[in-house]
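Everything on this sheet refers to the single structure shown next.
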Amino acid sequence: MPQGQPSVVPDDGLTTRQRRNRPLVLVHTGIGKGKSTAAFGLALRAWNQGWPIGVYQFVKSAKWKVGEENALKVLGASGQGGAVAWHKMGEGWSWVQRDAQLSNEEAAREGWQQVRRELAAETHRLYVLDEFAYPLHWGWVDVDEVVEVLRDRPGNQHVVITGRNAPQKLLDFADLVTDMTKVKHPMDAGQKGQRGIEW
């Protein structure tokens with residue numbers, strides 16, 4: 001395990017162990033590929049630790065079968081690591097297609113309400129709010145409310161939020177922010193997404 005020296009030691013009254021084990025809010029944003037992939041990699045680590053995991057996909061189609069969903073469901077049912085619950089909030093909607101905005105806006109709001117209920121009940125140890133930055137960016141879900149709920153969440157619950165254009169208030173509040181920048185992508189040269197890479 002790498003042993004580094006922090007550049008700043010906060011005057012928060014916590015011991016080193018307490019500070020190390022405090023629950024985190026992580027945000028993966030930016031225009032580059034890999035935001036959700038990184039969050040699902042984190043879910044694999046959480047599963048290995050035996051943590052219960054809740055995945056909430058906010059704007060991807062409920063019909064879209066991503067490889068991580070199948071893999072994490074199989075792992076969750078194996079009895080060897082943590083349990084995995086997978087929820088899809090969007091129906092036939094993505095960030096490039098806005099034809100059913102109203103119903104998806106309502107679904108996103110209900111999805112957030114479900115997350116709120118489960119945070120209050122301490123249902124999971126890790127929450128993956130996949131593509132949740134989009135409903136926040138579009139104003140479907142109030143970012144001030146989200147920050148308040150995350151700040152006041154009980155217990156030891158980690159939350160990772162993915163998606164482009166994460167609001168600045170969320171970035172300022174989060175403990176860890178990664179901005180995925182695109183240097184080069186096959187789609188720039190006209191190549192469509194492919195099985196095993198994009199899904």
Query raised in the report: Please walk me through it: do Asp130 and Val160 pass side chain to side chain contact (heavy atoms under 4.5 Å, CB included)?
Result: CA-CA 8 Å; Asp130 189 35; Val160 58; over 6 Å; no
Report task. Apply side chain to side chain contact (heavy atoms under 4.5 Å, CB included) to the pair Leu171 and Thr29, showing each step before the final yes or no. Result -> CA-CA 9 Å; Leu171 301 181; Thr29 193; 4.2 Å; yes
Query raised in the report: For Arg153 and Val159, what are the C-alpha separation, side-chain angles and deciding distance, and is it a side chain to side chain contact (heavy atoms under 4.5 Å, CB included)?
Result: CA-CA 10 Å; Arg153 71 194 186 281; Val159 179; 4.1 Å; yes
Requested in this report: Determine, step by step, whether His158 and Arg125 satisfy the side chain to side chain contact (heavy atoms under 4.5 Å, CB included) criterion, reporting the C-alpha distance in whole Å, the side-chain angles of both residues, the deciding distance to 0.1 Å, and the verdict.
Outcome: CA-CA 6 Å; His158 302 278; Arg125 182 84 183 269; 4.2 Å; yes
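Looking at Val146 and Leu136, their side chains come closer than 4.5 Å, going by heavy atoms from C-beta outward. When side chains are defined from C-beta on, Val115 does not count as touching Val149, because their heavy atoms never get closer than 4.5 Å. Inter-residue side-chain proximity for Val128 and Leu42 is flagged as unmet; no heavy-atom pair is nearer than 4.5 Å. Side-chain contact between Val147 and Arg151 is present, with at least one heavy-atom pair separated by less than 4.5 Å. Using a 4.5 Å heavy-atom threshold, the side chains of Val141 and Phe132 count as touching. Considering only heavy atoms from C-beta on, Thr162 stays 4.5 Å or farther from Leu129 through its side chain.
Distance check: Ile53 CD1 to Thr123 OG1 gives 13.5 Å after rounding to the nearest 0.5 Å. For the atom pair CZ of Arg20 and OG1 of Thr16, the computed distance is 8.0 Å after rounding to the nearest 0.5 Å. Residue Leu170 holds its CG atom at 7.5 Å from CG of Leu150, rounded to the nearest 0.5 Å. Expressed to the nearest 0.5 Å, how far CG of Leu126 lies from CD of Gln49 amounts to 11.5 Å. Atom CG of Leu44 is separated from atom CG of Leu72 by 5.0 Å, given to the nearest 0.5 angstrom.
The ring pair (Phe, Tyr, Trp, His ring centres under 6.0 Å) search around His124 returns Tyr127, not counting sequence neighbours. Not counting sequence neighbours, the partners of His87 by the ring pair (Phe, Tyr, Trp, His ring centres under 6.0 Å) test are Tyr56. Listed by chain and number, the residues in a side-chain hydrogen bond (donor to acceptor under 3.5 Å, both in side chains) with Asp11 amount to none (sequence neighbours excluded). Among residues two or more places apart in sequence or in another chain, the side-chain hydrogen bond (donor to acceptor under 3.5 Å, both in side chains) test is passed with Gln194 by none. For Asp188, the salt bridge (Lys or Arg N to Asp or Glu O under 4.0 Å) partners two or more places apart in sequence, or in a different chain, are Lys182. With sequence neighbours left out, the side chain to side chain contact (heavy atoms under 4.5 Å, CB included) criterion links Thr181 to Asp179. Trp47 meets the ring pair (Phe, Tyr, Trp, His ring centres under 6.0 Å) test with no other residue; sequence neighbours excluded. Legend: residues meeting side-chain hydrogen bond (donor to acceptor under 3.5 Å, both in side chains) with Trp86, ordered by chain and number and at least two apart, are Gln57. In this view, Arg117 and Glu110 satisfy the salt bridge (Lys or Arg N to Asp or Glu O under 4.0 Å) rule, not counting sequence neighbours.
Between Pro23 and Gln157, the shortest heavy-atom distance links the atoms CB-O, 3.3 Å. Taking each heavy atom of Glu122 and Gly155 in turn, the nearest pair found is OE1-CA, 3.3 Å. The two residues Ala133 and Gly163 have their closest heavy-atom pair at CB-O, 3.4 Å.
Taking hydrophobic clusters as Ile, Leu, Val, Met, Phe, Trp and Tyr residues chained together by side-chain heavy-atom distances below 4.5 Å, Val27 does not share a cluster with Met180.
The ring of Phe58 has its center no closer than 6.0 angstrom to the ring center of Trp112.
Residue pairs meeting the salt bridge (Lys or Arg N to Asp or Glu O under 4.0 Å) criterion with at least one member in residues 22-33, sequence neighbours excluded, are Arg22-Asp175, Lys33-Glu198. Evaluation of the ring pair (Phe, Tyr, Trp, His ring centres under 6.0 Å) test over residues 160-184, restricted to residues two or more places apart or in two chains, returns none. Sorted by first then second residue, the side-chain hydrogen bond (donor to acceptor under 3.5 Å, both in side chains) pairs that include residues 73-83, not counting sequence neighbours, are Glu69-Lys73.
A salt bridge does not link Glu131 with Arg164: every distance from a Lys NZ or Arg NE/NH1/NH2 to an Asp or Glu carboxylate oxygen is 4.0 Å or more.
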